[in-house]
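So that the names make sense, note that chain A is the first sequence line, chain B the second, and so on, each numbered from 1.
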Amino acid sequence: MPVIRVKDLSKEYLVADKQPGLIGTFRHFFSREYTSIKAVESIGFNIDRGEIVGFIGPNGAGKTTTLKMLCGLIHPTSGVVNVSGNIPSLRKYKFLKDITLVMGQKQQLIWDLPPIDSLKVNAAVYGIPDKEASYRIQELALMLDLKEELNRPVRKLSLGQRMKAELLASLLHRPSILFLDEPTLGLDVNSQLRVRDFLYNYNQKYQATIILTSHYMADITSLCKRILVIDKGQLFYDGPLAKLTQQFSPSRLVRLEFNEQINFSLLKHYGKIIKQDNYSVKLLINRNDLPQKINNLLNNFSIRDLEIADPPIEEIISKIYSNKIE
Amino acid sequence: MFKKLFTKKRSRIFNLYRVFRALFISQYALMVEYRAEIALWAISGTLPLIMLSLWSNSQAIYSFGYNPINLAHYFISAFVVRQFTAVWVMVSLEEDNLEGKISPYLLQPVPPIFRYLFSHISEQFSRLPLVLLMIFLLFLFKPNYFWLPNIGSLIISIGTIFIAFLLRFLIHWIFAMICFFTDKASSLERLLLIPYLFLSGMIAPLEAYPEQIKQFALLTPFPYILYLPSKMLSSQSFNQTINIEVLFIWIVVLSIVSVFTWRIGVKHYSAMGA
C-alpha cells in the first residue's frame with residue numbers, strides 16, 4: 001500500500017506584473033495586474049514505504065513546490081495529497097512527527113550556537129526523553145562521522161559539516177518519510193559521498209521513504225531506483241532509472257581503442273562519432289544494431305580495447321530538459 | 001480512566017515544560033553571545049530617564065499631584081518596566097519570513113510563537129544584570145531618588161511587568177501577521193511606537209494628560225503596558241479604572257485574536273508559496 005498518494009495535484013500562484021520605467025512604476029503603484037503561474041499542473045504518483053525516489057527537473061520545474069505540498073508547507077490549488085494517511089496541509093501533530101523536510105539552501109540550526117544546542121531543542125520539541133536523545137545523537141553522529149563538530153558554533157563549521165549537522169537535527173525524531181531538497185548542494189565530493197551513504201543506511205535501517213531532489217545526478221543514480229521527471233510543472237516520466245536511459249537514449253556509448261591509426265571516416269557507417277583522437281574513438285550506436293555492429297567492428301579493425309556503456313545520465317537528462325531527445 | 005487521563009495530561013504538561021526549558025536555555029545561550037548588543041539596547045531604553053530630567057525642573061508637576069521625588073520614582077520604574085517589556089517580534093518574524101526560516105518551524109509539532117516568546121524572555125534575563133547596574137549607578141549619583149518597595153509589592157510588580165510584557169508581545173505578534181501579506185511589515189512597528197509613547201505614560205504620567213486624552217488612553221491597552229506596572233513598582237496609588245483585572249481581560253482578548261490572525265496569516269503564507 002502506498003505511503004504517499006498524489007492525484008491531479010496542481011498549484012497556481014498569482015504574480016504581480018510590473019512594466020519597466022517610471023510610467024510602469026506609477027501604474028504598478030495604483031493598479032496592479034497579476035498573472036497566474038502554474039507551478040505544478042495535475043501531477044500524480046504513488047510511493048511505497050521504504051522507496052527512495054529521485055525527483056528531478058530543471059530549475060523552476062516545480063520540484064520544490066511539490067515537496068512543499070507533500071510536507072504540508074503550502075496548500076495545493078487543487079488535487080489530492082495523502083501522506084501516511086494524513087492530509088499534509090492540516091499539519092497534524094502525528095503527521096509532523098512522521099516527516100522531515102531538509103532543504104540544502106535553508107537551515108534550522110541556530111547559527112551562533114553549537115549544533116548540540118539545537119539538537120536539545122529538537123529533542124524536547126519531539127518529546128524524545130533525554131537519555132534516548134543522547135543515544136540517537138550518538139548513533140546518528142557516528143553514521144554521519146560527526147564528533148567534536150557538534151560542540152562548535154554552526155557558523156564555524158564547513159558547509160559539509162553543517163549539512164551533516166542539519167541532517168542529524170532533521171532526523172533526530174526518526175521520521176519515516178524524508179523530503180530532501182538538494183541535500184548535497186555545494187558539498188565537495190567526499191561530503192556528497194558521506195551524505196549519500198548515510199541516506200542509504202538510514203533507509204535500510206528504518207525502512208524510511210525518501211523523496212530526493214538533486215542537481216547532482218550521482219545522488220540520483222547511487223540512491224534511487226525510481227525517478228520522477230518534472231518540467232514546467234508537468235510530470236512526464238515516472239519509472240525506473242534504467243528504463244529512462246533506454247526510453248530517452250536509444251543508443252549506447254561504445255569506446256574503442258585501436259592498435260594502429262585508422263581512417264575515422266570509415267566508422268561513420270557504424271554510428272555517430274562523439275569524440276576521436278589518434279587511437280581511440282567514442283561512438284553512439286543504436287541499441288538494436290549493437291551486436292551486429294560490434295561484430296563487424298571486431299572483424300574489420302584491429303581493436304586493443306572495447307567498452308560499452310550507457311551515455312552519461314547527465315547528458316540524457318540535459319537532452320530531456322532541452323527537448324533534444326534523439 | 002481518570003488516572004489514565006491524568007497521567008496523559010501530566011505527561012503533556014511535562015513535555016511542554018521540557019520544550020520551554022530547552023527553548024529558554026538555548027535562547028539564553030544565544031543572547032549571552034550577543035551581550036554587547038544587549039548592553040546597547042539597554043542603554044537605548046533610557047527615554048524615561050530623559051523625560052525625568054525634563055520634567056523634574058517643571059513646576060507643572062505639582063498641578064497633577066506629583067513632587068520631584070515621586071515623579072523620579074515613577075520614571076525610574078517606567079525605565080525598569082520599559083527594559084523588561086521590550087518587544088521586537090515584528091522584526092524577527094519579518095526576517096524569518098523573508099529568509100524562509102519560518103518554514104522549518106511550521107513543520108515542528110510546537111507552535112512557532114513559543115520560539116519568539118522565549119527569545120524575548122531569555123533576552124530579559126540577560127539584560128537583568130545590566131539594568132541592575134544602571135539602577136545602582138543612578139542611585140549612587142542621585143541617592144535622594146532611592147526607595148525600596150516592600151517584598152510583597154515587589155513580587156506583584158514583577159508579575160505585573162511580565163504580564164504587561166505578554167500584552168505588548170501579543171499586540172506586536174498580531175500586527176506581525178502582516179508579514180505574511182507584505183515584505184515590509186516591520187514598518188508598522190514604527191506606527192505602533194507613536195501610540196505607545198503617548199498613551200502608555202512613557203513621556204508623562206497619565207495624570208498629566210487632559211481628561212479627554214486620558215479617558216481615550218484608558219480605552220487602549222497601552223497604559224497597562226507601562227503606566228500600571230510603573231505605578232505599582234513605585235508604590236504609588238493610581239487611577240482605579242486601571243487595574244490588573246482589565247490587564248488580564250486584554251491578555252485573554254488579544255490571545256484569542258492572535259490565534260485567528262495566526263491562522264489567517266499562515267494560511268496566506270501557505271497559499272503563496274511558503
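- Heavy atoms from other residues, nucleotides or ligands lying under 6.0 Å from CZ of B:Arg21 number more than 12.
- Of the atoms belonging to A:Met69, not a single heavy atom falls under 4.5 Å from chain B.
- Using a 4.5 Å cut-off between heavy atoms, A:Pro129 touches chain B through its backbone atoms (N, CA, C, O) alone.
- Counting heavy atoms from C-beta outward, B:Tyr105 and A:Gln108 have side chains that stay 4.5 Å or more apart.
- Highest contact tally toward chain B, considering only A:Asp117, A:Thr64, A:Asp112, A:Asn122, is held by A:Asp112 [criterion: heavy-atom pairs under 4.5 Å].
- For B:Pro109, the parts sitting under 4.5 Å from any heavy atom of chain A are the backbone and the side chain alike.
- A 6.0 Å sphere centred on CG of B:Leu40 holds more than 12 heavy atoms belonging to other residues, nucleotides or ligands.
- Atom CD1 of B:Ile102 is separated from atom CG of A:Leu73 by 10.0 Å, given to the nearest 0.5 angstrom.
- With a threshold of 4.5 angstrom between heavy atoms, A:Lys120 approaches chain B through N, CA, C or O but not through any side-chain atom.
- Of the atoms belonging to A:Ile128, it is backbone heavy atoms, and not side-chain ones, that fall under 4.5 Å from chain B.
- Crowding of B:Arg263 atom CZ: a count of heavy atoms from other residues, nucleotides or ligands under 6.0 Å not exceeding 12.
- Between chain B and the options A:Val121, A:Leu113, A:Leu101, the largest number of non-hydrogen pairs under 4.5 Å is found for A:Leu113.
- Within a 6.0 Å sphere centred on CZ of A:Arg136, other residues, nucleotides and ligands contribute more than 12 heavy atoms.
- Residue B:Phe181 places its CZ atom among more than 12 non-hydrogen atoms of other residues, nucleotides or ligands, all under 6.0 Å distant.
- When the candidates B:Val110, B:Ile25, B:Leu30 are compared by the number of heavy-atom contacts under 4.5 Å with chain A, B:Leu30 comes out ahead.
- Annotation for B:Gly100 and A:Lys106: closest pair O-CD, 4.1 Å, computed over non-hydrogen atoms.
- Heavy atoms of B:Glu33 lying under 4.5 Å from chain A belong exclusively to its side chain.
- Taken from OG in B:Ser103 to NZ in A:Lys68, the straight-line distance is 5.5 Å, to the nearest 0.5 Å.
- Within a 6.0 Å sphere centred on OH of B:Tyr17, heavy atoms belonging to other residues, nucleotides or ligands number 12 at most.
- Proximity to chain A (any heavy atom under 4.5 Å) is shown, for B:Phe14, by neither the backbone nor the side chain.
- Here B:Leu107 is the residue among B:Leu107, B:Val19, B:Asn15, B:Leu16 with the most heavy-atom pairs under 4.5 Å with chain A.
- Heavy atoms from other residues, nucleotides or ligands lying under 6.0 Å from CZ of A:Phe198 number more than 12.
- B:Phe198 CZ: 12 or fewer foreign heavy atoms inside a 6.0 Å radius.
- In this structure, CD1 in A:Ile110 is found 4.5 Å from OG in B:Ser26, a value given to the nearest 0.5 Å.
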